[in-house]
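Values below: all heavy atoms of this structure, side chains included; hydrogens, waters and symmetry mates excluded.
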Amino acid sequence: MLSALKQLWLTLFTPDARDDEEIRSLARGVSMAFQVGGLPFLALWAWIGWWPAIPAILIGESLNLAGYFALKSTTRPRLWAHVITIDLFLVLCITSVGSGGVQHISAGWFLCVPMLATLLLGFRRAQVYTALTTLALACLFVGGELWGPLTGFVSEDKRALFSLVQVSGIMSAILLMVGYWLADTTRQHSRRLEAEDGMRTALEQIDAPFYVVRREMIGGKGLVIEGNFSGRQLLEDMPEPPLDLERWFAETEKVLPLQTMMAERGESRRMELRHPFNNKQFEVSAKNHNGSLLLAFHDVTQRKETESKLRHANQEAKEASRAKSEFLANMSHEIRTPMNGIIGMTELALETDLSSDQLDFLTTIQNCADNMLDLLNDILDLSRIEAGKMELEVTEFDLAKVMEAVQDSLSSRAILKKIDWNAFIEDDVPRGLVGDPTRLRQILLNLAGNAIKFTERGEVAVEGRLLSRDQDQVKMRFEVRDTGCGIPSEALPRLFEKFTQADASTTRTHGGTGLGLAITRELVDLMEGRLGAFSTEGEGSIFWCEMDFPLAQTRIPAGGCAEMLVGLRALIVDDIKTNRRVLSGQLRRLGCRYESASNASEALARLDEAARAGDSFSILLCDRNMPERTGLQLAQDIRSDHRFDSLVMLLLSSSRERGDIHHIRSAGFHGQLVKPVKFPLLREEMSRLFGTHGNSEGDSPSTLALSDADAESFARGEDSEPQFPLGVRILLAEDNKVNQKLAQRLLSKVGLDVTTVDNGLEALQAVAEGDFDLVLMDCQMPEMDGYEATQRIRQLPDERARIPIVALTANAMRGDQEKCIAAGMNGYLSKPLHQESFYGMLQRFLADAPSTDS
């Protein structure tokens, strides 16, 4: 029941083809006509005396009047058109009883209901009202047959006039609605003609061919085609006999015939069509609308040609990119090969006894070679980034180790320029993070190296601090501060663009390509971080970057404190605030109590206060170069006061000058550490002083004496050379004579026995016949390269197949390391070689090698 009522409601109030404004206009006219026509019939029913009809007509007139005013303002004209139609229907049902039922002429009024519904609401709605009217008439007829004729209140003397009025009213209403219908039909036809004329005019103005295709009714064959000027011109270009549009579609592959598309009512299609004679290409849109097929043609010949050219250009670009990558790989290999000899031999020469001029010459060569290597690496990195081949590593790493690597890498530059240099993280920063430590180190090296280059005096510091932390992620901010020349404000906006420098003139003081900061920006973007800078010209700059890191699952413990150092009281004396902050953090990690002073006078005052309070300092960490009074002069003042005889003093220096260790020792210092001071070295030195010597029989720290060898090592800030087991044999496979010579010198220097071969085939034979502990394998060699030689070695039948093999190659492009590992190598070192990384790789694989007598 409810479903049937719902369906009836949808049928009555679902919009039909006529629009709302048309319904509004027609309904208002009909409402006014029935409003005026209803008054005579009200008087007629009063005259004949059937009073139930009078309130029905009054209610109907009220609803009719309400409908008229509602149609002037309402946005729902269809609803009020239904109200007017139902109002008329109900009034007729009530008044028909008094007039005598269906037997009386007044029943003809029921014809007006479906006519009114057709006029206002369309044929589909009129069907419902016709059914209702038929049902009402049937009920009146059945009622008259069952219970006799319905009461007629019209007397004999009034019946003729009553019938005349009823007939005239019925005819007037029918004529009125027919007139409205004719006027509306004429108006719609005029509008249709105007619309078609407007559409035809608009279509003629369209440059693209457009067709309206209609099927002819006669015989059911053939198609009537109407087209705009462009469409007719396209068909006129056909040769004789003329090829019509239907044959064009039918004879084109993968295109449906027009006959088929005509049958697909309401369907839309898009297809490509090629002109069979001029070879032009069209994109056709087809839409079946009201039995007509609308076809729009778009000439896409030029677009298709452009797409073809773009595909060809894209292929050429890929080939060019591949050729560029191959060229860069070859150039990188060829440049790194001689640079390996330059850098390696220069490092060896610097370890010999040299005159001051020779030392200056070789140091200059080393600096220039390092700059060339940095430039080469920058160009390769930029090439990878532009090609979209720069990939980030995701691994757990120790942030403190990254900062130490940054600190070590730039220490020599800072020492040469005699500026203070530090790289550190705050105590609350978690050390274990997840990300790409190599790229993070590169970012900090680029920023800090740039800062050192533009700083002539003062300090450069890299600081990592925690911005925020949640359960599994931290936000870090890294700042690189310097006291250099600063950057002009107008140069800051373009600072991170490629090949851009703040001072681009040919007379600028500092060189460079301007790639470092551009690469840094690209790397920070790749790591989804933020990068910026602010500067004051003449005072210095601060470069910063912020990025998020997930926390590592493996907890990395902070550096522990030595038990004998807990509670030890230390005094830091340094004029640089950053140095004091770094040393304070390190002493706090060691469990020491500490204070700091910025100059010699303040330090003496602190020492005096502590002695008077009975809580003297146990150790003094003193900078060597301070304004007003140096660290050596402060030491002389301290040693002149016997209250401080037990005070242990460590000298902190930014230089590695040799030859004055006795002067340092005579001043009262127990050792020297090179800045920036590494935490492990500080812990080791303090543990040595207060653990080993400080607890010996009766010795006070002031009486400790350093051996000349130890003192010289402290003065240089150098670690001892790496130690390897005796009798270790190395096989070097290298075809370049300079590289052979360099590797032999480096290996012989640490007591390793080296055998050299010139190619991979000889290396394979040597491993098969000899007994070696490690193979250093070049990748590009004649006769047999390193990759094939490694694979052949791995196929040997005995223990020799498992010998460690380390790639020693000038191939440093992306994927080269992975290629070496895939070939079966255990390690990878790119040329040019640096002693620290070279020896570190050897120690990694030779730590467990058996020791034999040489």
Side-chain angles (χ1 to χ4, degrees), residues 325-344 373 376-377 380 728-748 752-835 837-846 849:
S325 298
E326 291 180 357
F327 172 77
L328 286 174
N330 291 333
M331 289 304 299
S332 172
H333 182 275
E334 295 302 321
I335 293 174
R336 287 175 183 274
T337 297
M339 285 184 64
N340 183 50
I342 295 173
I343 294 177
L373 184 59
L376 177 62
N377 290 332
L380 292 177
V728 172
R729 297 188 62 198
I730 306 293
L731 176 64
L732 172 65
E734 171 66 65
D735 62 313
N736 185 277
K737 298 302 180 183
V738 175
N739 290 338
Q740 284 182 2
K741 185 176 181 180
L742 172 61
Q744 288 172 345
R745 292 293 298 271
L746 290 175
L747 295 169
S748 301
L752 297 175
D753 182 12
V754 57
T755 300
T756 304
V757 294
D758 294 329
N759 55 63
L761 184 59
E762 294 180 3
L764 175 61
Q765 295 172 350
V767 172
E769 299 172 359
D771 185 14
F772 297 97
D773 299 290
L774 178 70
V775 178
L776 298 175
M777 183 78 74
D778 188 19
C779 291
Q780 294 185 354
M781 294 181 291
E783 297 191 37
M784 180 184 292
D785 61 29
Y787 304 114
E788 183 179 354
T790 300
Q791 294 171 349
R792 298 279 292 275
I793 290 173
R794 296 305 181 210
Q795 297 172 3
L796 293 175
D798 51 19
E799 292 294 326
R800 293 178 176 84
R802 290 190 289 273
I803 186 172
I805 302 176
V806 175
L808 206 62
T809 176
N811 295 336
M813 297 292 287
R814 188 182 75 92
D816 284 331
Q817 181 173 356
E818 291 77 6
K819 185 177 179 181
C820 293
I821 301 302
M825 299 183 191
N826 305 95
Y828 170 89
L829 275 177
S830 63
K831 301 173 186 176
L833 297 178
H834 291 280
Q835 292 189 33
S837 58
F838 181 60
Y839 290 142
M841 181 66 75
L842 293 178
Q843 285 181 317
R844 173 185 168 190
F845 290 104
L846 297 177

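- The two residues Pro782 and Asn759 come nearest to each other via the heavy atoms O-CB, 3.1 Å.
- In this structure, the separation between CG on Leu761 and CD on Glu788 is 9.0 Å, given to the nearest 0.5 Å.
- Expressed to the nearest 0.5 Å, how far CE of Met781 lies from CD of Glu734 amounts to 7.5 Å.
- Considering only heavy atoms from C-beta on, Phe845 stays 4.5 Å or farther from Asp773 through its side chain.
- Once rounded to the nearest 0.5 Å, the distance linking CD of Gln765 with CD1 of Ile793 reads 11.0 Å.
- Between Asp758 and Gln740 there is a side-chain heavy-atom pair separated by less than 4.5 Å.
- Considering only heavy atoms from C-beta on, Leu808 stays 4.5 Å or farther from Asp778 through its side chain.
- If you take CD1 on Ile803 and CG on Leu731, they are separated by 7.0 Å, rounding to the nearest 0.5 Å.
- No option in Val728, Ile730, Thr755 other than Thr755 meets the side chain to side chain contact (heavy atoms under 4.5 Å, CB included) test with Phe772.
- The side chain to side chain donor-acceptor pair (under 3.5 Å) test applied to Arg800 returns Asp798, not counting sequence neighbours.
- Contact of the Val806 side chain with the Phe838 side chain is not registered, since no non-hydrogen atoms from C-beta on lie closer than 4.5 Å.
- In this structure, the side chains of Leu732 and Asn739 stay at 4.5 Å or more apart for every pair of heavy atoms.
- In this structure, CD in Gln817 is found 11.5 Å from CE in Met825, a value given to the nearest 0.5 Å.
- Side-chain atoms of Ile805 and Arg794, non-hydrogen and from C-beta on, do get closer than 4.5 Å to each other.
- Minimum heavy-atom separation, Ala766 to Val757: CB-CG1, 4.4 Å.
- To the nearest 0.5 Å, the span separating CG on Leu764 from CD on Gln791 amounts to 11.5 Å.
- Put simply, the side chain of Tyr828 never gets that close to the backbone of Thr809: no donor and acceptor are under 3.5 Å apart.
- By the 4.5 Å heavy-atom criterion applied to side chains, Met777 and Asp785 are not counted as neighbours.
- Within the 4.5 Å cutoff, the side chain of Leu846 has heavy atoms near those of the Leu752 side chain.
- Remark: Arg729 engages no residue in a side chain to side chain donor-acceptor pair (under 3.5 Å) (not counting sequence neighbours).
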